[in-house]
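No experiment lies behind these values; they were computed from the predicted model shown. The first residue in the sequence is number 1, and the count goes up from there.
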Amino acid sequence: MKRFILSLLMCIPLFAIAAPKNHPTMFAHRGCWSKNEAKEFVVPENSLPAVAMARKMGYTGIECDVHYTKDKRMVILHDATLNRTMRRASDYSKLDKPVRLADLTFEELRRDYVLESANPEWRTPIPTLEELLAECKKHGIMPMLHSAIMDSYHVAQEMFGDEWICFTGGVEHMQQVRKFSNCIILLAINDGSAEDNIARLEQIGGRCGISTMNYKLYTPEFCKALTERGYIVQASIFPAPHEAIAQRNGISYQLTDFSIMPDHKPIHKGSGKLIAKTQDVTWEWKSNDKLERGGLTLDIEFEGEIEITINNDRKYTLTRDTRGKDIIGDRFFNKAPSVKVTAKQGAHIKKATAKVYAY
């Protein structure tokens with residue numbers, strides 16, 4: 001096995017290190033939330049702390065979900081029920097029976113329930129749409145409203161002008177939004193050719209694009225056909241390794257639960273480098289520091305098939321017929337970050353660099 005050169009550089013300011021380029025604009029799905037080892041929310045999803053954390057970790061914006069209470073107040077919640085993300089306010093106990101948002105008045109919701117969080121300070125009532133948007137404005141975060149409620153779009157337009165994102169399905173619905181806003185509109189799709197979807201977007205007009213959870217749709221040819229016409233192509237919470245593949249194939253936006261790129265000038269904490277042509281080997285690197293919150297990016301140039309494990313839980317199998325480069329990023333909380341790369345038989349790694357950032 002060939003010898004590797006491994007260097008650890010501690011506490012080097014980021015201004016001395018160029019951030020990765022040629023990657024999509026990053027949006028945190030339901031904000032930048034996190035869970036602990038017990039699978040309990042620490043930073044609750046769709047919460048004010050999740051907005052602030054998104055700013056700290058360098059995301060351009062956050063996606064949030066808007067629904068009505070029984071008395072038609074707009075609040076931020078993804079599920080139809082409170083059970084997965086909320087607890088009783090009186091004793092912080094779990095909800096043993098389904099509690100539907102649509103069955104609760106706003107007063108009942110705010111009085112009787114709080115968001116789940118291992119941090120007692122963040123066990124707060126569910127935010128209203130206006131409260132979440134105000135937090136986005138405070139932190140310079142662009143809101144992406146996943147909503148079917150027309151009133152929610154009017155509130156976003158009033159608070160942000162045209163600098164927000166409307167994210168839902170239905171061309172006719174989006175045409176109604178375009179009558180009063182030149183915001184970015186992302187049409188939720190599941191299928192169709194590039195030309196079919198371009199025809200849909202032409203009916204909307206202005207700044208717009210598509211978003212899908214169907215990672216098989218985003219071939220290089222599909223992405224190129226839309227982006228060359230000026231349309232946005234968003235990958236919506238693709239699993240690993242498909243976020244990395246979509247990035248390679250030319251997406252514009254990445255809506256993610258875990259990916260990260262160091263765009264917000266975080267503190268550079270260290271790096272590990274493999275500099276050699278390698279074949280049929282495994283390269284491992286681990287930081288000596290456990291960080292409260294951070295990001296790890298792997299910049300790797302290779303051909304053939306490789307397996308990657310980041311932070312002991314995010315696994316990728318990537319292939320390239322000819323030599324090329326991928327950038328993979330993973331956010332983490334309360335971990336000593338690590339990366340493991342295995343070149344399968346016949347694969348060649350030209351170089352790989354792991355960088356760790358504290359936020």
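Results of the side-chain hydrogen bond (donor to acceptor under 3.5 Å, both in side chains) test with Ser259 over Gln247, Arg331, Glu243 single out Glu243 as the only residue that passes. Checking Arg84, His78, His29 one by one against Glu45, the side-chain hydrogen bond (donor to acceptor under 3.5 Å, both in side chains) holds for a single residue, Arg84.
Note: Phe238 and Tyr215 have perpendicular aromatic rings, judged against thresholds of 30 and 60 degrees for the angle between ring planes. Aromatic ring pairs are classed by plane angle as parallel below 30°, tilted from 30° to 60° and perpendicular above 60°; the pair Phe27 and Tyr253 is tilted.
Looking only at atom types and distance, the side chain of Ser147 has a donor-acceptor partner in the side chain of Ser152 under 3.5 Å away. Between Asn119 and Ser117, the side chains place no donor N or O within less than 3.5 Å of an acceptor N or O (distance only, hydrogens not considered). Under 3.5 Å, the side chains of Glu292 and Asn334 contain no donor-acceptor pair of N or O atoms.
Salt-bridge annotation for Asp326 and Arg320: present, with a side-chain N of the basic residue lying under 4.0 Å from a carboxylate O of the acidic one. A salt bridge is absent between Asp330 and Lys335; no separation between the charged side-chain nitrogens and carboxylate oxygens falls under 4.0 Å. With respect to the salt-bridge test (charged N to carboxylate O, under 4.0 angstrom), the residues Glu163 and Arg207 qualify. Under a 4.0 Å N-O distance rule, the pair Glu307/Lys315 does not qualify as a salt bridge. With respect to the salt-bridge test (charged N to carboxylate O, under 4.0 angstrom), the residues Lys94 and Glu40 do not qualify.
Under the 3.5 Å distance criterion, the side-chain polar atoms of Asp71 are matched with a main-chain donor or acceptor of Phe106. Side-chain atoms of Arg30 do not come within 3.5 Å of backbone N or O of Ile62 as any donor-acceptor pair. Formation of a donor-acceptor pair under 3.5 Å by the Asp65 side chain with backbone atoms of Ile76 is not found in this model. Proximity of a side-chain donor or acceptor of Arg55 to a complementary backbone N or O of Gly58 within less than 3.5 Å is not detected. Judged by distance alone, the side chain of Glu63 and the main-chain N or O of His146 form no donor-acceptor pair under 3.5 Å. Here the side chain of Asn214 pairs a donor or acceptor atom with the backbone of Lys216 at under 3.5 angstrom. Judged by distance alone, with hydrogens and angles left aside, the side-chain atoms of Asn83 form a donor-acceptor pair with the main-chain N or O of Lys97 at under 3.5 Å. Side-chain N or O atoms of Asn249 include one that pairs as donor or acceptor with a backbone N or O of Tyr218 at under 3.5 Å. Without hydrogens or angle criteria, Tyr92 side chain to Glu116 main chain gives no donor-acceptor distance under 3.5 Å.
Put simply, the side chain of Met150 reaches to within 4.5 Å of the side chain of Phe180, judged on heavy atoms. Within the 4.5 Å cutoff, side-chain heavy atoms of Ser211 are placed close to those of Phe167. Under the 4.5 Å side-chain criterion, counting only non-hydrogen atoms from C-beta, Trp33 is in contact with Asp257. Looking at Asp299 and Lys355, their side chains never come closer than 4.5 Å, going by heavy atoms from C-beta outward. Under the 4.5 Å side-chain criterion, counting only non-hydrogen atoms from C-beta, Leu296 is in contact with Phe332. Between Ile349 and Trp283 there is no side-chain heavy-atom pair separated by less than 4.5 Å. Contact annotation: the side chain of Ile237 approaches that of Met213 to within less than 4.5 Å [non-hydrogen atoms, C-beta and beyond]. Taking 4.5 Å as the limit, some side-chain heavy atom of Tyr231 sits within range of a side-chain heavy atom of Ile198.
Taking CG of Asp191 as the reference point, atom CG of Asn197 lies at 7.5 Å (rounded to 0.5 Å). For the atom pair CG (Leu104) and CG (Leu101), the distance works out to 6.5 Å, reported to the nearest 0.5 Å. Taken to the nearest 0.5 Å, the OG1 atom of Thr219 stands 4.5 Å off from the CD atom of Glu221. For the atom pair OH of Tyr357 and CE of Met57, the computed distance is 12.5 Å after rounding to the nearest 0.5 Å. Considering CD1 of Ile300 and CD1 of Ile327, their distance stands at 12.0 Å, rounded to 0.5 Å. In this structure, the separation between CD on Glu202 and SG on Cys208 is 9.0 Å, given to the nearest 0.5 Å.
Both Ile210 and Met174 sit in one connected hydrophobic cluster of ILVMFWY residues. Membership requires side-chain heavy atoms under 4.5 Å apart, directly or through other members. Under the 4.5 Å side-chain heavy-atom criterion for ILVMFWY residues, no single connected hydrophobic cluster contains both Met144 and Phe258. Linking ILVMFWY side-chain heavy atoms closer than 4.5 Å, directly or via other members, places Leu255 and Leu187 in two distinct hydrophobic clusters. In the hydrophobic clustering of this structure, Leu132 does not group with Leu109; members are Ile, Leu, Val, Met, Phe, Trp, Tyr whose side-chain heavy atoms approach within less than 4.5 Å, directly or through other members. Clustering ILVMFWY residues whenever any of their side-chain heavy atoms sit less than 4.5 angstrom apart, transitively, puts Phe41 in a cluster other than the one holding Leu48.
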- request: Determine, stepwise, if the pair His173 / Tyr153 fulfils ring-ring contact (aromatic ring centres under 6.0 Å, His included).
  value: CA-CA 11 Å; His173 193 69; Tyr153 310 145; 5.7 Å; yes
Derivation of the side chain to side chain contact (heavy atoms under 4.5 Å, CB included) call for Trp164 and Val155: CA-CA 11 Å; Trp164 61 285; Val155 172; over 6 Å; no
- request: Determine, step by step, whether Cys183 and Val177 satisfy the side chain to side chain contact (heavy atoms under 4.5 Å, CB included) criterion, reporting the C-alpha distance in whole Å, the side-chain angles of both residues, the deciding distance to 0.1 Å, and the verdict.
  value: CA-CA 9 Å; Cys183 69; Val177 177; 4.1 Å; yes
message: Quick one, Val356 with Trp285, criterion side chain to side chain contact (heavy atoms under 4.5 Å, CB included). Give me CA distance, side-chain angles, the key distance, then yes/no.
response: CA-CA 11 Å; Val356 177; Trp285 178 81; 3.3 Å; yes
message: Go through it in stages, so that I can follow the logic: the residues are Tyr68 and Asp151, the test is side chain to side chain contact (heavy atoms under 4.5 Å, CB included), and I'd like the CA-CA distance, side-chain angles, deciding distance and then a yes or no.
response: CA-CA 10 Å; Tyr68 277 132; Asp151 285 347; 3.3 Å; yes
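In this structure, Asp321 and Glu303 approach most closely via the heavy-atom pair O-OE1, 4.0 Å. In this structure, Ala194 and Ala225 approach most closely via the heavy-atom pair CB-CB, 3.7 Å. Shortest non-hydrogen contact noted between Ser252 and Ile232 is OG-CA, 3.7 Å. Nearest heavy-atom pair across Ala343 and Ile306 is CA-CG2, 4.1 Å. Across Thr256 and Met26, no two heavy atoms sit closer than the pair CG2-CE, 4.0 Å. In this structure, Leu95 and Val99 approach most closely via the heavy-atom pair CD1-CG2, 4.1 Å.
Counting heavy-atom neighbours within 6.0 Å of Glu108 CD, excluding the residue itself, gives a total above 12. Shown here is Lys35, whose NZ atom has more than 12 heavy atoms of other residues, nucleotides or ligands within 6.0 Å. Asp196 CG: more than 12 foreign heavy atoms inside a 6.0 Å radius.
For residues 119-138, the salt bridge (charged side-chain N to carboxylate O under 4.0 Å, His left out) pairs, not counting sequence neighbours, are Arg110-Glu131.
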